[in-house]
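To start, the structure itself, in structure tokens.
Naming: A, B, ... by sequence-line order, numbering from 1 per chain.
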Amino acid sequence: MQTIVHRNRSIKGWLFDVYPSPSGVTLWFISETGGRISAHAPFVPKFYIRIDENSFALVKKIASRFKGRCKISAWKEMIEIYSGEFIKVLEVYVNDTINFGKYVKAFEAELPYYVFFNSDLSPVQMFLFENDLFPLAYGEYVISPDGKLVAQNIEDRFDAIDYKLPPLSIMIIKPSILGIAPKYQQNITIEVGYDNRSYVINADSAQELLTRLNFHIERCDPDLIITHFGDEIILPWLTLLADKVKVPIKLNRDPSAPFVRTRDVSYWSYGQIVHKAGSFELAGRWHLDVENSFIIDQSDLAGLFELARLTRIPVQRQARETIGTGLSSLQLAWAYSHNILIPAKKQEWEQFKSAYQLLLSDRGGLIFSPKMGYHENVAELDFASMYPSLMCIHNISPETVNCKCCSNQKVPELRYTLCENRKGIVPETLETILKKRAEYKKREKDSRSESERIEYHKRQTALKWLLVTCFGYLGYKNARFGRIEAHEAVNAFSRDAFLRAKSIAEKRGYEIIHGIVDCLWLKKNGAGPDDYRKLSEEISKEIGVNISFEGMYKWILFPNSRTDPEIPVANRYVGAYTNGELKVRGLEVRRGDTPLFVRKVQADVLELMTNASTIKELKLMIPEIIQVIKMHLEKLRAGRVEPLELVIRRTISKEADEYENSNLEAIVAKAMAEAGVALKPGETAEYIIIDSTGKRYPGKAKPFLFYQPEDGYDTYKYTEFVIKSVEILLGPLGYNYSWIAEQLNVSA
DNA sequence: AAAGTACGGGG
DNA sequence: GTGTACGTACTTT
């Protein structure tokens with residue numbers, strides 16, 4: 001006799017994905033043996049209301065209207081972050097992970113004068129927080145015969161430094177022409193790549209296209225579909241086709257789940273409009289659009305995975321979120337696990353300022369005026385992670401500044417106190433990041449294997465962005481854990497540190513050539529690397545924040561302002577380190593709106609200049625530089641420059657008809673709108689200048705979308721662009737625009 | 001001359 | 001609390 005025993009199944013592997021599904025969440029795992037397994041976990045998210053007992057009946061009445069969905073759980077004692085004291089709150093269960101937010105809104109609408117906590121967290125994150133889980137967590141997962149996750153034993157930590165990642169099968173889908181947005185392409189063909197092969201899908205009909213794509217998806221069975229422009233263009237287009245010709249597209253691994261799509265948005269972020277494409281997320285596999293992810297752009301998949309593990313935001317979502325959201329999530333997780341109530345955040349209208357932006361705008365950070373022109377034998381000293389370090393060292397956090405319990409005068413210039421009894425949430429969470437990054441940086445330096453070095457570099461770069469954001473976050477008035485006094489305190493400490501560093505250096509006989517916020521450029525006759533290292537050590541020891549010797553420059557240039565040649569500008573400079581590396585800020589090669597052609601010329605010139613060890617040698621190579629420019633300009637004059645290299649990409653800030661001046665952006669936006677492909681504020685105008693005078697061609701510039709090689713281009717304008725980009729380098733050596741133009745046989 | 005428009009920053 | 005850095009470079013009016 002045989003009995004069939006339905007037993008639990010144990011998987012050793014990684015948590016791959018989590019998303020809401022009816023009465024809980026759906027989880028996907030990748031097992032070590034290569035299985036892709038889904039499971040369901042029941043989960044009831046909850047929120048809290050700070051309410052007096054008299055109002056209990058009112059809450060009960062609202063809850064009873066959503067009978068079966070919302071339920072009053074109990075009175076709870078939880079910690080209010082600013083006071084650090086326990087307060088009494090009412091816990092409400094919402095048995096619907098998909099519509100959690102809608103139920104919360106209903107409560108909020110009827111209880112406008114009460115404070116809500118944990119009410120705008122995502123149920124998926126609450127699930128992860130509560131179960132000590134995180135994306136890509138390695139461990140043992142136990143699944144019941146009816147597909148429920150019943151237990152897990154995690155052999156991994158969200159903040160681990162040594163962790164294994166699952167081997168992922170990857171498919172790439174992209175337009176066969178890259179380098180120009182699909183919006184500007186006349187016919188899009190898609191190219192599918194996997195297993196070291198790629199296939200251009202040239203189909204005669206939509207049916208054929210979809211059938212062939214489905215074939216590839218089934219054969220590859222990707223965990224991860226990487227696209228270029230998948231969010232905005234390709235996936236929406238494919239699904240539209242699929243609906244039209246009724247060929248289901250097999251993008252999802254979970255056939256029961258919908259695609260998660262969000263709308264595109266344009267929003268203001270500190271004086272600039274930003275357009276964010278809507279997202280197109282998949283269920284059971286990831287879709288990552290490399291053109292719609294800041295963190296992938298900066299630090300690749302390795303950085304994205306590092307961040308997702310740390311912030312506990314699912315990978316597809318983390319890819320599209322801002323870094324600020326990631327940092328916030330890290331703090332939320334910490335608060336959640338310490339029974340600290342999380343205040344509902346108010347509507348976010350602004351993005352966070354990065355430290356730098358804030359420093360400039362709030363005049364918090366110090367900027368000296370550079371000594372104009374070329375210098376030799378200058379050294380650079382940088383404070384490493386100055387702001388996060390200050391926050392950790394001095395325990396600066398929204399709830400520790402001006403706390404109730406302490407009276408001290410720790411903050412320079414300001415009469416603020418800093419708590420000595422309780423460690424703040426900001427230092428608590430930052431410390432993890434700082435330590436982790438320091439270790440990655442160390443390994444990056446020490447590692448013998450190139451692939452390891454690259455991996456560690458990507459991870460530490462991702463963490464760097466968290467650190468860069470954290471300062472802005474502290475001063476951001478709408479942040480959950482933000483407070484302006486905390487932000488001011490950091491500023492005060494930073495100015496103090498910077499000024500003390502400066503004065504120590506000057507006392508030792510060094511001349512300050514320039515200084516920005518946490519960077520100092522110094523000079524002293526006869527001083528070498530060892531002297532600067534010694535100076536760095538002395539300053540670090542004195543101030544308590546690490547300052548490091550970045551290197552010495554063979555030459556460095558702080559150019560004059562173009563609008564007023566008598567004055568210097570703080571944020572543009574270029575210098576060649578003694579190791580041959582170049583550091584450039586603010587010049588054309590660094591700008592996103594410089595056409596590739598101009599960038600190439602300036603880059604070529606700079607590369608030559610890197611070979612010079614002294615200003616004298618720089619002067620000697622002028623004829624050589626002129627030759628290089630001549631070569632490029634001859635190509636330009638002959639009409640042989642590829643149109644792509646002449647494309648200017650600039651963000652438009654408003655709708656086509658809102659422009660008051662007919663500048664090139666307005667012209668292009670209008671032309672696009674008329675052709676039915678209107679650009680939204682924050683999207684990029686991509687165009688070629690045909691005739692900037694408008695005499696020969698009144699349109700002046702043409703969107704790349706409509707560009708034909710016969711249209712030609714404005715040789716004069718592009719030449720001028722080139723000469724200006726070289727003048728900024730040669731001008732301080734005594735060779736101005738008209739001299740350069742003359743050498744190049746161009747009328748100035 | 002004044003107003004309009006866009007860019008950078010961090011490593 | 002329905003607002004949107006700030007300084008530079010360049011163009012248009």
Answer with base, sugar-phosphate or nothing: what part of the nucleic acid does [X] contact at a heavy-atom distance below 4.0 Å?
X        : value
A:Ile652 : sugar-phosphate
A:Lys724 : sugar-phosphate
A:Ser692 : nothing
A:Ser561 : sugar-phosphate
A:Gln298 : base
A:Lys700 : sugar-phosphate

Taking only the [atom1] atom of each, what is the distance from [N] to [M] in whole angstrom?
N     : M      : atom1 : value
C:dA5 : B:dC7  : P     : 15 Å
B:dG8 : C:dT2  : P     : 31 Å
C:dC6 : B:dG11 : C1'   : 23 Å

If the cut-off is 4.0 Å, is [X] near the phosphate of [N], judged by side-chain N/O to OP1 or OP2?
X        : N      : value
A:Arg572 : C:dT8  : no
A:Thr651 : B:dC7  : yes
A:Tyr659 : C:dT11 : no
A:Ser653 : B:dA6  : yes
A:Arg591 : C:dT8  : no
A:Lys717 : C:dT11 : yes

Presence of salt bridge, A:Arg649 and A:Asp593, under 4.0 angstrom: no

Centroid separation A:Tyr553 to A:His375 less than 6.0 Å: no

Check: A:Arg590 side chain, B:dG11 base, donor-acceptor under 3.5 Å: yes

Pair of N/O donor and acceptor under 3.5 Å linking B:dG11 base with A:Arg437 side chain: no

Backbone N/O of A:Arg696 and side chain of A:Asp691: donor-acceptor pair under 3.5 Å: yes

Exam field: side chain A:Arg453 to backbone A:Arg443, donor-acceptor pair closer than 3.5 Å: no

Under 3.5 Å side-chain donor-acceptor pair for A:Tyr440 and A:Glu306: yes

